[in-house]
2 protein chains.
Amino acid sequence: MARKQTSTYSSNEQYLTPCDLTYALGKIGGRWKLQILDKLEQGKMRYSDLRRDFMHITERMLTLQLRAMERDGLLRRSVYAGVPVRVEYELSDMAIELGPILKQLSLWGKRNRTDTGIETNKDRNF
Amino acid sequence: MARKQTSTYSSNEQYLTPCDLTYALGKIGGRWKLQILDKLEQGKMRYSDLRRDFMHITERMLTLQLRAMERDGLLRRSVYAGVPVRVEYELSDMAIELGPILKQLSLWGKRNRTDTGIETNKDRNF
DNA sequence: GCCATTACTTACATGAATGTGTGTAACGAA
DNA sequence: TTCGTTACACACATTCATGTAAGTAATGGC
């Protein structure tokens, strides 16, 4: 969030940050965040469970996305000490509120898809 | 859209394209697209008008975003031959449908903003 | 012929997001 | 003592998005 303040790229953020919509989209903007959100709608999960379910996401990216979502208030992270450690992730109220809105966006996308021949997900909520 | 198909980055798209929500977010994902969408809600505009209103957006980026939005069906682009040329951009029906949904997302963002001290826009629809 | 205007286009440079591979702490089990 | 498990952290490489600066076609006005 707090960047170097030198480059044009960074200073252009002044035109973006006042917008609540840009802010909202920023929170879900990572490449794997929607999949994580979707999976966690089924309930609390351990880090290792997420890893298993998302074999295509590298550990680094999974951790980065989870931590960003935690910082942004989308996830709650609980650490249970012991060996080995147990870490659980679950959706916050804020993230749960987001569900229905994203569902609408998803339907808009489905209605207006022009790239035919792509098999869209039936088993995914959004 | 059609990328090299070689790198992991590219081949990972197979896990993203089936999702209608990812597809929808992709259409509005460019850095300046929301501002353009917002501006064009007031009606049809010439390229030069957009340029004047968005002095912080370079011509290259403005053109790129406009063309991408046209390809994605969000904008209609009309060329009126003559010298100098006149080019007008306006929202498509699909883009107009999007308005209320984005408005909801924007409100969600406003409700849940944690970065206090940032003056949010009052004069912007979303 | 020369300049001005509109709506771009192109080559190049920079920055951010994502991916690769290896390393680590904490301990209990063998 | 070495091994295994969990949940990461770190240094480095690649790919994509964005920004910079200059050039262009068409044509009317001077």
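Keep in mind it's a predicted model, so treat the numbers as computed, not measured. In what follows, chains carry the letters A, B, and so on, assigned in the order in which the sequence lines appear, proteins first and then strands, with residues in each chain numbered from 1.
- Between R51(A) atom CZ and dT6(D) atom P there is a gap of 9 Å when expressed in whole angstrom units.
- An OP1 or OP2 oxygen of dA7(C) is reached within less than 4.0 angstrom by a side-chain nitrogen or oxygen of R46(B).
- Looking at every heavy atom in both residues, G109(A) comes nearest to A24(B) through CA-CB, 4.0 Å.
- Contact between the side-chain N/O atoms of N12(B) and the OP1/OP2 oxygens of dG19(C) is found at a separation under 4.0 Å.
- With rounding to whole Å, L62(A) atom CG is found 14 Å from dT6(D) atom P.
- At a threshold of 4.5 Å between non-hydrogen side-chain atoms, the residues L37(A) and M69(A) count as touching.
- Here dT18(C) presents its P atom at 13 Å from CG of L66(A), a figure rounded to the nearest Å.
- In this entry the distance linking CE of M61(A) with C1' of dC10(D) reads 15 Å, nearest Å.
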Let's go through N112(A) and Y23(B) carefully: what are the C-alpha distance in whole Å and the side-chain angles of both, what is the deciding distance for side chain to side chain contact (heavy atoms under 4.5 Å, CB included) to 0.1 Å, and is it a yes or a no?
CA-CA 10 Å; N112(A) 298 102; Y23(B) 177 81; 5.6 Å; no
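- Considering only heavy atoms from C-beta on, I57(A) stays 4.5 Å or farther from Q65(A) through its side chain.
- For T8(A), a side-chain nitrogen or oxygen approaches OP1 or OP2 of dT20(D) to under 4.0 Å.
- Distances shown here put a side-chain N or O of S10(B) below 4.0 Å from the OP1 or OP2 atom of dC16(D).
- An OP1 or OP2 oxygen of dA17(C) is reached within less than 4.0 angstrom by no side-chain nitrogen or oxygen of Q65(A).
- Going from atom CZ of R31(B) over to atom C1' of dA17(C) covers 13 Å, rounded to whole Å.
- Taking the nucleotide of DNA chain D with the nearest heavy atom to each of S48(A) and V83(A), the more 5' of the two is matched to V83(A).
- Both the sub-6.0 Å distance and the 45° axial angle are not jointly satisfied by R31(B) relative to the ring of Y15(A).
- The aromatic rings of W32(A) and H56(A) stand perpendicular to each other, their planes meeting at an angle above 60°, with 30° marking the opposite boundary.
- Heavy-atom distances to DNA chain C give each of T58(A) and R67(B) a nearest nucleotide, and the one nearer the 5′ end belongs to R67(B).
- Between R77(B) atom CZ and dA7(C) atom P the separation is 10 Å, expressed in whole Å.
- In this structure, T63(B) does not reach the dA7(C) phosphate: none of its side-chain N or O atoms is under 4.0 Å from OP1 or OP2.
- Remark: P of dT9(C) and CG of L64(B) are 9 Å apart, rounded to the nearest angstrom.
- Side-chain N/O atoms of R60(A) include none lying less than 4.0 angstrom from OP1 or OP2 on dT22(C).
- Applying the 4.0 Å criterion to OP1 and OP2 of dA26(D), one finds that R86(B) has every side-chain N and O outside that range.
- Side-chain atoms of S7(B) lie closest to dT15(D) of the nucleotides dT15(D), dG19(D), dC8(D).
- Proximity of Y47(B) to the phosphate of dT9(C): no side-chain N or O atom is located under 4.0 Å from OP1 or OP2.
- Residue Y89(A) is in sugar-phosphate contact alone, with no base atom involved, counting any heavy-atom pair closer than 4.0 Å across all strands shown.
- The 5' end of DNA chain D is approached more closely, in terms of each residue's nearest nucleotide, by W32(B) than by the other of P84(B) and W32(B).
- Straight-line distance from the CD atom of E59(A) to the P atom of dG23(C): 14 Å, rounded to whole Å.
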